[in-house]
Amino acid sequence: YEGIDVPYSAQNLVGYSNDGAKFDGVGDYVYRFDVDSPSYPFSLKCQFNRNTSGHVLSISSDTSATFYMAVRVVSTKVFVTRRDSGGTYSTAFDFVSDQNVWYDLEVVFVSETEISLYIDGELFEAKTGQDSYTPTGSQLDVFLVGNTRYVSGTDYFDGIIAAAEYKNN
């Protein structure tokens, strides 16, 4: 559909517009199976226009909550959460996003210990020295837009997401 470049399956989606996929924050998301497992550097990218907060993008394992990477936007922060068999690691960027305003967001996983946040095509902040995280094999093979797997319903996105992309750089 318009705004997202690869074929997806929808779950309880509110609808589509020329701007992208509309989410109401209640059990709706789109997903694609069989994506390539990430290798550094790789990125999660989208344009979003939020009504409230919630997960924007994630890649996760198909069968368990053991492995995932997720990007969550709230009014004053962007959280990047990574989980592997060693634990859960969260990195927070102090970014204020207004409701009903479009933003171009890209999170680049530069290495096992470095994450960069780009807003509207400009480097907002790079954080190094993060806890090491190494996705390997087929641990991450589902790309989700509007939610991350295995979390409560409060983490669904409410707003519009367009141009969602996951890519090995």
Side-chain angles (χ1 to χ4, degrees), residues 1-38 42-65 67-83 90-109 115-125 140-169:
Y1 59 83
E2 301 240 3
I4 296 183
D5 298 329
V6 295
Y8 285 85
S9 298
Q11 178 70 34
N12 301 322
L13 198 59
V14 173
Y16 305 102
S17 72
N18 287 336
D19 295 331
K22 294 181 181 180
F23 302 87
D24 66 3
V26 183
D28 50 354
Y29 59 94
V30 294
Y31 61 93
R32 181 178 181 203
F33 285 105
D34 300 322
V35 297
D36 293 333
S37 228
F42 65 96
S43 62
L44 294 173
K45 180 178 182 179
C46 74
Q47 296 168 350
F48 73 92
N49 183 329
R50 71 176 185 82
N51 293 326
T52 56
S53 61
H55 278 89
V56 178
L57 300 172
S58 73
I59 47 177
S60 65
S61 59
D62 181 15
T63 57
S64 74
F67 303 98
Y68 66 81
M69 293 186 174
V71 179
R72 183 169 188 253
V73 175
V74 297
S75 60
T76 60
K77 294 194 184 296
V78 173
F79 292 100
V80 179
T81 304
R82 300 159 295 145
R83 178 181 167 94
S90 188
T91 302
F93 295 91
D94 294 323
F95 171 71
V96 176
S97 62
D98 294 320
Q99 291 181 330
N100 302 311
V101 174
W102 280 100
Y103 295 95
D104 187 350
L105 173 139
E106 182 174 14
V107 175
V108 178
F109 298 86
I115 301 171
S116 295
L117 174 66
Y118 290 82
I119 302 293
D120 296 331
E122 299 289 327
L123 177 64
F124 180 78
E125 186 176 1
L140 301 168
D141 61 359
V142 182
F143 180 46
L144 294 107
V145 179
N147 184 35
T148 186
R149 263 185 130 118
Y150 317 111
V151 297
S152 68
T154 58
D155 288 325
Y156 289 99
F157 186 73
D158 182 6
I160 301 172
I161 299 175
E165 185 178 314
Y166 151 66
K167 66 178 179 179
N168 286 314
N169 293 335

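Index from 1, following the sequence.
Between Gln99 atom CD and Ser75 atom OG the span is 8.0 Å, to the nearest 0.5 Å. Here the straight-line distance linking atom CD1 of Ile160 with atom CH2 of Trp102 works out to 5.0 Å at 0.5 Å rounding. The line from CD of Glu122 to CD of Glu106 is 12.0 Å long, rounded to the nearest 0.5 Å. With rounding to the nearest 0.5 Å, the separation of CD1 in Ile115 from CZ in Phe109 is 5.5 Å. Taken to the nearest 0.5 Å, the NZ atom of Lys167 stands 11.0 Å off from the CG atom of Leu44.
Proximity of a side-chain donor or acceptor of Asn49 to a complementary backbone N or O of Gly159 within less than 3.5 Å is not detected. With Tyr103 contributing its side chain and Asp98 its backbone, the two residues share a donor-acceptor pair below 3.5 Å. Distance alone, capped at 3.5 Å, places no donor-acceptor pair between the Arg50 side chain and the Val73 backbone.
Taking Phe93 as the reference, nothing meets the ring-ring contact (aromatic ring centres under 6.0 Å, His included) condition, with sequence neighbours excluded.
Considering Leu117, Asp94, Leu105, Val78 as possible partners of Phe124, the one that fulfils the side-chain contact (heavy atoms from CB on, under 4.5 Å) test is Leu117.
Here the closest heavy-atom approach between residue Asp104 and residue Cys46 is recorded as OD1-O, 3.5 Å.
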